[in-house]
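Here the structure comes first, spelled out in C-alpha cells, and everything after it is commentary.
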Amino acid sequence: MAWLRVVDALKAPVGSSVTVKGWLRTRRDSKAEGGLSFLSVHDGTCFDAIQAVAKADLPNYAGEVAKLTTHCSVEVDGTIVQNPKGGNEIQATAVRVMGVVDDPDHYPIQPKPHSFEYLREHQHLRVRTNTFGAVARMRHCLSMAVHRFFHERGFYYVHTPIITGSDCEGAGQMFRVSTLDMVNCPRVRPEGAKPDAPVPPGAPVDFGQDFFGKETHLTVSGQLNVETYCCALSRVYTFGPTFRAENSNTSRHLAEFWMIEPEIAFANLHDDSVLAEEFIKYLIRTSLAERADDMKFFDERIEKGLLQRLTHVLETPFVRVSYTEAIRVLEKAIAGGRKFEYPVKWGTDLQSEHERFLTEEHYKGPVILMNYPKQIKAFYMRCNDPGTDGFGGSAPGDTVAAMDVLVPGVGEIIGGSQREERLDRLDARITEMGLPIKEYWWYRDLRRYGTVPHAGFGLGFERAMMFITGMQNVRDVIPFPRVPKLAEF
RNA sequence: UCCCCGAUAGCUCAAUGGUAGAGCGAGCGGCUGUUAACCGCUAGGUUCAAGGUUCGAGUCCUUGUCGGGGAGCCA
C-alpha cells in the first residue's frame, strides 16, 4: 500500500491501493448503506482535498471516525474509486487517528469563513486554511521562479550581508545590531579626562567596544554590496530579507520583508526597465502555469477578475513615460476637473493618489515612470544632462535616471535606477547631500577602478505576491509578519 | 507618527440610557452518497481595560490597549 501525497492520490488510477496522510477539512455523515462518513483529507500538496469514504463497519467507526472534527490528523488506507460526481475518492479500509483536536468548540479554525484580521491573530494555524495554504504554495512557486528567471539569463545569486556596517544607505530607519549592555553601555571618555574619573552619563556610546568594533544595523538594502559583485560578474542579483524600522502602519509595509535586487553591468536605465518588465511578466506566466489550482481560487474568492487582469498585463507592453510627462498628464487631469487631495508640482514626489490615478485610471495598466527630479532621489542615481527629461525633451529642472514601476492595485512595486558611474559626479552628489563621503570609500572605489555603466532595481517580494494573488494586505502574504507592535510568532 | 472607524457568545454581528439576542460553529438527536448539506434540541457572556456621569451604562464622557481603513516613509 503506497503512501501517496494528496496531489498524487487525486491523479492515481482507479483500483490502486493507497495510503494518504493529512488533516481533516470536514466530516459529513450519512445513514445510508448502514452508516458512512465522508472525510475530506488534505495535506497541503495542492489546493484540493481528497474525499475518503469511511463505512460503519470499520472497527473504530463509532468510537473514533464518527467523532473526528476539523484538523484532526489521520492516516487513511483504501482503494481509489471514482466519485459519482467525478474525480477520485478513497474507499477506506482503515482510518488511523493520529491526533484529535482538543475542545473543538474553542479550536480557532472552524469549518466556516474567517476574517483575515482574525486569522492574523492565529498565525501558527492559519496556514491550514484554504487561503493561506494557497498563499504559501504561491510564495514557494514565486521564490523558485525568481531564481529560475535570473539563472536562465546568466545572473549569479549573491548573498549580501544581513548585518551592515554602513550607516549610509539612506533608505530609512534601521534596526540596531549590538551586544552592548543596554542598561550600562560603555561611553566615550571625554578628551583630557582622568582615566579613573567617572564618564558622564550623557557622553556618546562607545561603539568601539561593541561586537564589530563599530556601529552596525540590519540591512535596509543589498544594493550597495551587490554593485561590487556586478562590477566583476556583470549580471547578479540578491534575494533576501530586508529590514526597515519605520513606524509604518499600512497594508503595504512590513518591518521585515524580502527584496529582490538585480544589478546589471554595461546597461542603462532603458535596459533596466526592459529587465523589470520581463521579470514581472515571467512571474505572472509561471504562476498561471504552475499553480492553476491556487490561482483559480484567488480569482474566484479573493479578487474577481484576477486572471483577466494578469492576462491583460501579460499581453500589454508596459507604458514608459518620463516623470515630466506624468506631471503634464496629472495637470491636464486637474484642468479637466479631476480632484486630488495633494497638489501636483514638478519637483515634488508623486503622492499615492497620483500614482494610482496614472496606473489605474489613465493608463489602465503597468506604467514605468522614468527620470525623476534629482532633488527627490538618492545620491547614487545617475545624473541626466542638466535640464533634460531623459527622453530627449527638456525639463524644468535637473533629473536623474531613476524609475518606478507602478501597477494597478498595489502601486509602486519596483524602484530602480541607473547608477552614477562617474566618480566626479558621484562625489558631487554625496557632498551636496551632506553625506559622510569617507564612509563610501569602497563604493567610490568601484568608480576609480574600471568603472562601467550599470543599473538595477529592487522588487518587494511581498508586493509581487499581492499583485499576483490579489491579496490586499501585505501581512497576509508572508508567513509571520513583523510590523510595529507585532512579533508574537 | 497623523486622521477616521471599531472592540458584545468559539466566529460574524444585533440590541431608544431600563431583563444581553440572532446566524454560523460546537454537543446531542433526526434525515440524507454527502460535499457552503438540511431539520430539531442543548450548552455557551466579568459586553477590551481603568476611571467618570447617572437612580440605573453594552449604550454617554476621559484615558489607555488592541484591530481595521486612509496618509506619510517606501519595496
Side-chain angles (χ1 to χ4, degrees), chain A residues 25-41 48-55 66-67 69-70 81-87 89 91 101-122 130 169-173 220-223 241-261 276 300-301 340-342 349-353 355-356 376-378 404-407 410-416 457-467 472-475 477-478 483-486 488:
Chain A
R25 280 222 170 114
T26 56
R27 189 200 86 233
R28 291 177 298 276
D29 300 325
S30 170
K31 285 287 156 56
E33 303 174 37
L36 62 162
S37 289
F38 300 97
L39 310 177
S40 177
V41 180
D48 288 317
I50 192 164
Q51 176 164 283
V53 182
K55 296 201 167 166
K67 292 179 178 168
T69 58
T70 296
V81 297
Q82 186 82 24
N83 181 288
K85 293 186 180 165
E89 69 177 24
Q91 194 67 52
V101 167
D102 181 43
D103 191 8
D105 190 27
H106 288 81
Y107 178 56
I109 313 294
Q110 297 171 351
K112 54 164 285 180
H114 288 293
S115 69
F116 292 153
E117 293 83 3
Y118 170 74
L119 291 172
R120 247 168 251 156
E121 293 169 10
H122 302 276
N130 281 339
E169 298 179 25
Q173 287 294 113
V220 293
S221 163
Q223 182 200 317
T242 310
F243 307 86
R244 305 269 166 97
E246 303 287 349
N247 191 7
S248 295
N249 293 286
T250 80
S251 55
R252 303 187 314 283
H253 290 86
L254 293 164
E256 176 183 279
F257 63 100
W258 288 66
M259 189 153 65
I260 298 144
E261 295 174 286
E300 287 170 358
R301 294 296 178 89
F340 291 109
E341 192 181 337
Y342 291 89
D349 222 345
L350 296 178
Q351 302 292 316
S352 289
E353 57 172 347
E355 295 182 345
R356 274 205 310 275
I376 57 170
K377 288 294 179 182
D404 281 355
V405 181
L406 312 179
V407 294
V410 175
E412 185 182 340
I413 194 168
I414 281 178
F457 63 78
L459 170 84
F461 185 62
E462 285 73 22
R463 292 201 180 162
M465 282 286 297
M466 293 168 74
F467 176 63
Q472 300 221 320
N473 195 310
V474 73
R475 300 172 187 198
V477 296
I478 188 167
V483 295
K485 301 276 186 287
L486 181 65
E488 172 75 15

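Just so it is clear, the model here is predicted, and its values are computed rather than measured. All chains are named by letter (A, B, ...) in the order of the sequence lines, taking the proteins before the strands, and each is independently numbered beginning at 1.
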At under 4.0 Å between heavy atoms, what does A:Ser40 touch on the DNA or RNA strands: base, sugar-phosphate, or nothing?
nothing
Contact class for A:Gln51 vs. all strands (heavy atom < 4.0 Å): base, sugar-phosphate, or nothing?
base
OP1 or OP2 of B:rA71 versus the side-chain N and O atoms of A:Gln351: is any pair under 4.0 Å?
no
Per-pair stack call A:Phe257 and B:rA75, 5.5 Å, 30°:
yes
From NZ of A:Lys31 across to C1' of B:rC28 the rounded distance in Å is 11 Å
Hey, is the side chain of A:Ser352 poking within less than 4.0 Å of OP1 or OP2 on B:rG72, counting only N and O atoms?
yes
A:Thr70 versus A:Gln110: any side-chain heavy-atom pair under 4.5 Å?
no
Rounded off to whole Å, could you give me the CD1-to-P distance for the A:Ile50 and B:rU34 pair?
19 Å
Classify the nucleic acid contact of A:Gln91 as base, sugar-phosphate or nothing, counting any heavy atom under 4.0 Å across all strands shown.
base
Is a donor on one side and an acceptor on the other found under 3.5 Å between the side chain of A:Arg475 and the backbone of A:Ser251?
no
So which one's nearest nucleotide on RNA chain B is more toward 5', A:Gly458 or A:Pro108?
A:Pro108
Remember a base hit wins even if backbone is also touched, and classify A:Arg120 as base, sugar-phosphate or nothing at under 4.0 Å, heavy atoms.
sugar-phosphate
Nearest whole Å is fine: how far is B:rG72 P from A:Arg356 CZ?
8 Å
Is A:Ser37 touching bases, backbone alone, or none of the nucleic acid, heavy atoms closer than 4.0 Å?
nothing
Paired stems touching RNA chain B, three or more consecutive Watson-Crick or G-U pairs with both distances under 3.5 Å?
B:1-7 with B:65-71, B:10-13 with B:21-24, B:26-30 with B:38-42, B:48-52 with B:60-64
Mind checking the C1' distance from B:rA37 to B:rU1? Whole angstroms is fine.
50 Å
Check every strand shown and say whether A:Ile414 touches a base, only sugar-phosphate, or nothing at a heavy-atom separation below 4.0 Å.
sugar-phosphate
Look at the side chain of A:Asp105 and decide which nucleotide, out of B:rG33, B:rG25, B:rG10, has an atom nearest to it.
B:rG25
OP1 or OP2 of B:rA36 under 4.0 Å from side-chain N/O of A:Arg28:
no
Would you indicate, yes or no, if B:rU12 has its OP1 or OP2 atom less than 4.0 angstrom from a side-chain nitrogen or oxygen of A:Ser115?
yes
Checking all strands, does A:Glu89 fall into the base, sugar-phosphate, or nothing category for heavy-atom contacts under 4.0 angstrom?
base
Could you name each residue pair satisfying salt bridge (charged side-chain N to carboxylate O under 4.0 Å, His left out) that touches residues 110-120 of chain A, not counting sequence neighbours?
A:Arg120-A:Asp476
Using atom CD of A:Glu488 as one end and atom P of B:rU65 as the other, report the distance to the nearest whole Å.
18 Å
Does A:Glu353 use its side chain to pair, donor to acceptor, with the backbone of A:Tyr342 at less than 3.5 Å?
yes
Let's see if you can work this out: which of B:rG72, B:rG69, B:rU32 has an atom nearest to the side-chain heavy atoms of A:Asn473?
B:rG69
Nearest-angstrom distance, P atom, B:rC38 to B:rG69:
31 Å
Using a cut-off of 6.0 Å, state whether more than 12 heavy atoms not belonging to A:Asp102 lie near its atom CG.
no
By ring-ring contact (aromatic ring centres under 6.0 Å, His included) - contacts of A:Phe467 (at least two apart):
none
Under 4.0 Å, counting only non-hydrogen atoms across every strand here, what does A:Arg301 touch: a base, just sugar-phosphate, or nothing?
nothing
Can you check whether A:Arg463's main-chain N or O pairs, donor with acceptor, with A:Arg252's side chain at less than 3.5 Å?
no
For B:rC66 and A:Lys485 - does any side-chain N or O of the residue sit under 4.0 Å from the phosphate oxygens OP1/OP2?
no
Once you apply a heavy-atom cut-off of 4.0 Å, does A:Ser251 come out as touching a base, just sugar-phosphate, or nothing?
sugar-phosphate
A:Tyr342 has its side chain closest, among B:rA71, B:rA75, B:rU34, to B:rA71
Tell me, yes or no, whether the heavy-atom count around A:Gln351 atom CD, taken from other residues, nucleotides or ligands under 6.0 Å, exceeds 12.
yes
Choosing from B:rG27, B:rA75, B:rG68, which nucleotide comes nearest the side chain of A:Arg475?
B:rG68
Using a cut-off of 4.0 Å on non-hydrogen atoms, how would the nucleic acid contact of A:Val474 be classed: base, sugar-phosphate, or nothing?
nothing
When we call it a touch if two heavy atoms are under 4.0 Å apart, what does A:Pro111 touch: a base, just sugar-phosphate, or nothing?
sugar-phosphate
Give one of base, sugar-phosphate or nothing for A:Tyr118, where a contact means two heavy atoms less than 4.0 Å apart.
sugar-phosphate
By the 4.0 Å heavy-atom rule, please label A:Glu117 as base, sugar-phosphate, or nothing.
sugar-phosphate
Rounding to a whole Å, what distance do you find between A:Asp349:CG and B:rA75:C1'?
14 Å
Can we say A:Asp29 and A:Arg27 salt-bridge, meaning some charged N sits less than 4.0 Å from an Asp/Glu carboxylate O?
yes
Reckon A:Phe461 touches a base, only the sugar-phosphate, or nothing at all at heavy-atom distances under 4.0 Å?
nothing
